[in-house]
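In what follows, a single structure is set out as structure tokens and then discussed.
Letters go in sequence order (proteins before strands), and every chain restarts at 1. We use all heavy atoms of the structure for the numbers below, so side chains are in, but hydrogens, waters and symmetry mates are not.
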Amino acid sequence: MEDQARMMSGLVGLSGLSQVDVGDHDAGRKQHSLGQPQQDIGDILQQIMAITDESLDEAQARKHALNCHRMKPALFSVLCEIKEKTVLSIRGIQDEDPPDPQIMRLDNMLLAEGVSGPEKGGASAAAAAVAAAAAGGSPNDGSIEHSDYRAKLTQIRGIYHSELEKYEQACSEFTNHVMNLLREQSRTRPISPKEIERMVGIIHRKFSSIQMQLKQSTCEAVMILRSRFLDARRKRRNFNKQATEVLNEYFYSHLSNPYPSEEAKEELAKKCAITVSQVSNWFGNKRIRYKKNIGKFQEEANLYAVKTAVDAASVSSQASQANSPATPNSGSPGSYSRPNTGHAHPGLHPTNGEGLFLSPPLQPQVGLQ
DNA sequence: CGGCATGATTTATT
DNA sequence: AATAAATCATGCCG
């Protein structure tokens, strides 16, 4: 009977109600053990070590006996009463934020990188890469690296998913286990569904921190991969001569306001076979570098001024007015040579007004800065 | 290899 | 959101 009582007190202790002592004849022993807790722990350890299958069976039998004890319903209701009171104090501890912002962030990123989300890796990606390389007469050297990147991304994605699956399996297994335990124990002590729910919540929080680590390291891996394969700075290729010419032509012919509109950018992008943002980059770089050292660009400016002037001359041979091709360098060359000029927004952004770029190529303003 | 050119990115500004 | 300015990382040439 002493064993039963101890077991009972152990069960109760699990629920955090250890203050409810059960076995009366255990009291003396407890007093004693409180004085020497180490010995008590050693005692328990020894008992645990001594557990065998038989003793477990025996324990089951005793548990059953306990559950069938005639005083059990009474004890149970007492426990319920106590619980009613304590549960209120427990309640305040919980109530946390279900949507973890950190995990949301990582999720979004993984989704954006194509690691999570709809399955489109593997064969279709490889096929797409091959198709891109094969089709279209352009031997895009980037596609090889890109397919390499895709392959590695797929690899990461595979690892990520298998880990995630393992994690989910372990989580649900553990949750099930705990729930079974709680259900089992609920025969002996009162456990409200809410309490089980709370327990599951705690487990999930614990597991989600593991999940976050997984997602975190996956994100890191993807970022490293990105930086190695996709960071355009690492595989920068100069634009071809013709593209540079087109861009320079526009720049120097709009020197007074070298801020192409969105449509103009699109047109330039199309002409140069580059993207609109590359056009924006080019103009950003060009403006700042030109401004920084106008002298260095004199030759170039002169060249393109002449070039556009020649173009303008050949074009304006029918519709010309007083625009004399004899003075191509003095005016703002080709200011009207493009249809885009019509929607160039005057005074759009230049911080010092348009004056910054007003100077014709051959007459640099020295006091610009 | 050193050094400048150049496209892209990052940060600050408006 | 677009741009200026600073910075990065590579390309390219002597």
Side-chain angles (χ1 to χ4, degrees), chain A residues 105 108-109 112-114 132 138-150 152-153 219-305 307 332 335 338 340-359 361 364-369:
Chain A
R105 204 179 51 103
N108 285 339
M109 195 193 134
E113 296 299 332
S138 62
N140 194 355
D141 54 344
S143 67
I144 294 170
E145 283 183 51
H146 198 251
S147 73
D148 205 3
Y149 165 78
R150 294 290 280 272
K152 299 238 183 212
L153 189 63
C219 275
E220 274 170 29
V222 170
M223 288 315 276
I224 291 170
L225 191 67
R226 259 181 88 84
S227 70
R228 275 187 49 192
F229 285 89
L230 287 193
D231 186 347
R233 279 185 295 194
R234 291 188 186 274
K235 52 169 193 168
R236 179 179 68 81
R237 297 281 179 275
N238 291 347
F239 298 154
N240 61 42
K241 211 167 184 176
Q242 192 232 334
T244 310
E245 236 166 80
V246 171
L247 293 168
N248 272 317
E249 219 171 285
Y250 187 97
F251 180 78
Y252 286 110
S253 64
H254 296 73
L255 204 54
S256 60
N257 188 31
Y259 298 86
S261 66
E262 195 56 35
E263 300 100 75
K265 282 181 189 171
E266 277 166 26
E267 196 181 324
L268 286 168
K270 210 160 113 187
K271 268 192 206 171
C272 303
I274 59 179
T275 68
V276 172
S277 50
Q278 281 180 304
V279 174
S280 297
N281 286 340
W282 191 91
F283 273 88
N285 283 322
K286 192 71 182 182
R287 279 190 301 261
I288 192 68
R289 283 164 185 165
Y290 179 82
K291 195 181 84 174
K292 244 179 171 171
N293 191 350
I294 293 180
K296 201 167 66 182
F297 289 89
Q298 270 300 290
E299 210 175 317
E300 191 178 67
N302 210 6
L303 191 98
Y304 284 101
K307 187 191 275 285
S332 52
S335 283
R338 294 185 179 278
N340 302 330
T341 316
H343 46 259
H345 318 145
L348 187 65
H349 261 295
T351 41
N352 302 345
E354 292 186 308
L356 234 191
F357 292 101
L358 263 176
S359 66
Q365 291 180 359
V366 188
L368 267 177
Q369 294 176 347

Does A:Phe239 reach a base, just sugar-phosphate, or nothing at all? Heavy atoms under 4.0 Å. sugar-phosphate
Under 4.0 Å, counting only non-hydrogen atoms across every strand here, what does A:Asn238 touch: a base, just sugar-phosphate, or nothing? sugar-phosphate
Heavy-atom nearest nucleotide on DNA chain C for A:Asn285 versus A:Ser280: which residue maps closer to 5'? A:Ser280
Atom-to-atom span, [atom1] of [X] to [atom2] of [N] - whole angstrom:
{"X": "A:Glu299", "N": "B:dA5", "atom1": "CD", "atom2": "C1'", "result": "15 Å"}
{"X": "A:Leu247", "N": "B:dT6", "atom1": "CG", "atom2": "P", "result": "12 Å"}
{"X": "A:Tyr290", "N": "B:dG7", "atom1": "OH", "atom2": "C1'", "result": "21 Å"}
{"X": "A:Asn293", "N": "B:dC4", "atom1": "CG", "atom2": "P", "result": "12 Å"}
{"X": "A:Asn281", "N": "B:dT10", "atom1": "CG", "atom2": "P", "result": "11 Å"}
{"X": "A:Lys241", "N": "B:dA5", "atom1": "NZ", "atom2": "C1'", "result": "15 Å"}
{"X": "A:Lys292", "N": "C:dT3", "atom1": "NZ", "atom2": "C1'", "result": "15 Å"}
{"X": "A:Phe297", "N": "B:dC4", "atom1": "CZ", "atom2": "C1'", "result": "12 Å"}

Would one find a side-chain N or O of [X] under 4.0 angstrom from OP1 or OP2 of [N]?
{"X": "A:Arg289", "N": "B:dT6", "answer": "no"}
{"X": "A:Tyr259", "N": "C:dA4", "answer": "yes"}
{"X": "A:Lys296", "N": "B:dA5", "answer": "yes"}

Which residues satisfy the salt bridge (charged side-chain N to carboxylate O under 4.0 Å, His left out) test with A:Glu266, sequence neighbours excluded? none
If you only use heavy atoms from C-beta on, which nucleotide in [options] is closest to the side chain of [X]?
{"X": "A:Gln278", "options": "B:dA8, C:dA4, B:dA5", "answer": "B:dA8"}
{"X": "A:Arg236", "options": "C:dA4, B:dA5, B:dA8", "answer": "B:dA5"}
{"X": "A:Arg287", "options": "C:dA6, C:dT10, C:dA4", "answer": "C:dA4"}
{"X": "A:Lys291", "options": "C:dA4, B:dG7, C:dA5", "answer": "C:dA5"}
{"X": "A:Ile288", "options": "C:dA5, C:dT10, B:dA8", "answer": "C:dA5"}

One would report the end-axis bend of the helix from B:dC1-C:dG14 to B:dT14-C:dA1, five pairs per end and rounded to 10 degrees, as 0°
pair [X]-[Y]: side-chain heavy atoms closer than 4.5 Å:
{"X": "A:His254", "Y": "A:Pro260", "value": "no"}
{"X": "A:Phe251", "Y": "A:Tyr304", "value": "no"}
{"X": "A:Gln298", "Y": "A:Asn302", "value": "no"}
{"X": "A:Ile274", "Y": "A:Leu247", "value": "yes"}

To the nearest 0.5 angstrom, please state how far the NZ atom of A:Lys286 sits from the CD atom of A:Glu300. 3.5 Å
Decide yes or no on ring-ring contact (aromatic ring centres under 6.0 Å, His included) for A:Tyr250 and A:Phe283, but give the supporting numbers first. CA-CA 10 Å; A:Tyr250 187 97; A:Phe283 273 88; 5.6 Å; yes
With distance as the sole test, does A:Asn285 use its side chain to make a donor-acceptor pair with the main-chain N or O of A:Asn281 at under 3.5 Å? yes
